[in-house]
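This report concerns only the one structure given below.
The residues of the chain are indexed from 1 along the displayed sequence.
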Amino acid sequence: MTCPNCEELPRKVQGDLWLYLWPPLGHTRKKLDNWAADRRAPAIADEKSAIAIVLPDDRRSSDIVELAGLLTDKEQNDTKALALPAHTVPSFADFPRVTSLKTIVGRHQADWLLDMLAAKRLTSHFQPIFETALPLKPFGFEALLRGRHADGSTVPAGHIFKAASDANLAFQTDLQARL
């Protein structure tokens, strides 16, 4: 049996995306309703249910960046979100995948990390630490993480950890680093 939080990577939605949003506060909902109305009609407009916003594949990136700029970090954290392929209505089985809008934005910005994890392009190195009094016997090891983009260029560990944190991929990144 696998643990979906640490052993499976989130699925990337191909094509148009329906982004279901559940903002907890009225003023956050108003911002999202106005934004959706300026671009397209929300698929669901009942004020007690989700706002479903269609994000066309060719504009998804710019729309997600725009949405992130529309809301404060707190509003992004507090707004629950679920990304599904277009014309897919959430079912009971989708509820464990509901996350924050901030995580959805982070995952979008960390597509490169999902690709890196899927291709297993993380490596760990262990550098020995020596005492000056006993220079031939290591007393510990420092663990160093390295990543590689598809083109072979190095990704700094700090960049990997920040993206993993923002995208809620710390479990998957940690597991792969340990393996």
List the steps and the verdict of side chain to side chain contact (heavy atoms under 4.5 Å, CB included) for Leu67 and Leu32. CA-CA 8 Å; Leu67 263 176; Leu32 292 168; 3.6 Å; yes
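- Scanning for side-chain hydrogen bond (donor to acceptor under 3.5 Å, both in side chains) contacts around Lys102 gives Asp73, with sequence neighbours left out.
- Looking only at side-chain heavy atoms (C-beta outward), Leu169 and Leu114 come within less than 4.5 Å of each other.
- By the criterion of side-chain heavy atoms lying less than 4.5 angstrom apart, applied directly or through intervening Ile, Leu, Val, Met, Phe, Trp or Tyr residues, Val89 is grouped together with Phe95 in one hydrophobic cluster.
- Side chain of Gln127 to backbone of Ala143: no donor-acceptor contact under 3.5 angstrom is found.
- Between Thr79 and Pro24, some side-chain heavy-atom pair lies under the 4.5 Å cut-off.
- Scanning both residues, Gln176 and Lys120, for their nearest heavy atoms gives OE1-CA, 3.3 Å.
- In terms of heavy-atom proximity, Leu82 sits nearest to Pro90 at CD2-CB, 3.9 Å.
- There is a side-chain donor-acceptor pair under 3.5 Å between Arg148 and Thr154.
- By the rule that hydrophobic residues join a cluster once side-chain heavy atoms approach within less than 4.5 Å of another member, Leu136 and Phe141 end up as members of separate clusters.
- Sorted by first and then second residue, the pairs that involve residues 161-177 and meet salt bridge (Lys or Arg N to Asp or Glu O under 4.0 Å), not counting sequence neighbours, are Lys162-Asp166, Asp174-Arg178.
- Considering CG of Leu145 and NE2 of His159, their distance stands at 12.5 Å, rounded to 0.5 Å.
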For Asp78 and Lys74: C-alpha separation, side-chain torsions, deciding distance, then whether salt bridge (charged side-chain N to carboxylate O under 4.0 Å, His left out) applies. CA-CA 6 Å; Asp78 293 346; Lys74 175 123 177 71; 2.8 Å; yes
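- Going from atom NZ of Lys31 over to atom OG1 of Thr72 covers 5.5 Å, rounded to the nearest 0.5 Å.
- Counting all heavy atoms, side chain and backbone alike, Ala163 lies closest to Trp112 at CB-CZ2, 3.4 Å.
- Contact check for Asp33 versus Ile51: side-chain heavy atoms found under the 4.5 Å cut-off.
- Here the closest non-hydrogen pair linking Tyr20 and Ala50 is CD2-CB, 4.1 Å.
- A salt bridge between Arg60 and Asp57 is present, with a side-chain N of the basic residue lying under 4.0 Å from a carboxylate O of the acidic one.
- Of all non-hydrogen atoms in Leu122 and Gly147, the two that sit nearest each other are CD2-CA, 3.9 Å.
- In the hydrophobic clustering of this structure, Leu70 groups with Leu17; members are Ile, Leu, Val, Met, Phe, Trp, Tyr whose side-chain heavy atoms approach within less than 4.5 Å, directly or through other members.
- In the hydrophobic clustering of ILVMFWY residues, with side-chain heavy atoms under 4.5 Å counting as a link, Ile53 and Val65 come out apart.
- A distance of 7.5 Å separates CG in Leu117 from CD in Gln172, rounded to the nearest 0.5 Å.
- Note that the CG atom of Asp16 and the NE2 atom of His87 stand 7.0 Å from one another [nearest 0.5 Å].
- Within the model, atoms CH2 of Trp18 and CG of Leu84 stand 9.5 Å from one another, a figure rounded to the nearest 0.5 Å.
- Other residues, nucleotides and ligands contribute over 12 non-hydrogen atoms within 6.0 Å of the NE2 atom of His125.
- Residues meeting the side-chain contact (heavy atoms from CB on, under 4.5 Å) test with Ala81, sequence neighbours left out: Leu19, Leu21, Leu101, Ile104.
- Atom CD1 of Ile64 sits about 8.5 Å away from atom CD of Gln109, to the nearest 0.5 Å.
- When all heavy atoms of Asp63 and Trp35 are compared, the closest pair comes out as O-CZ2, 3.8 Å.
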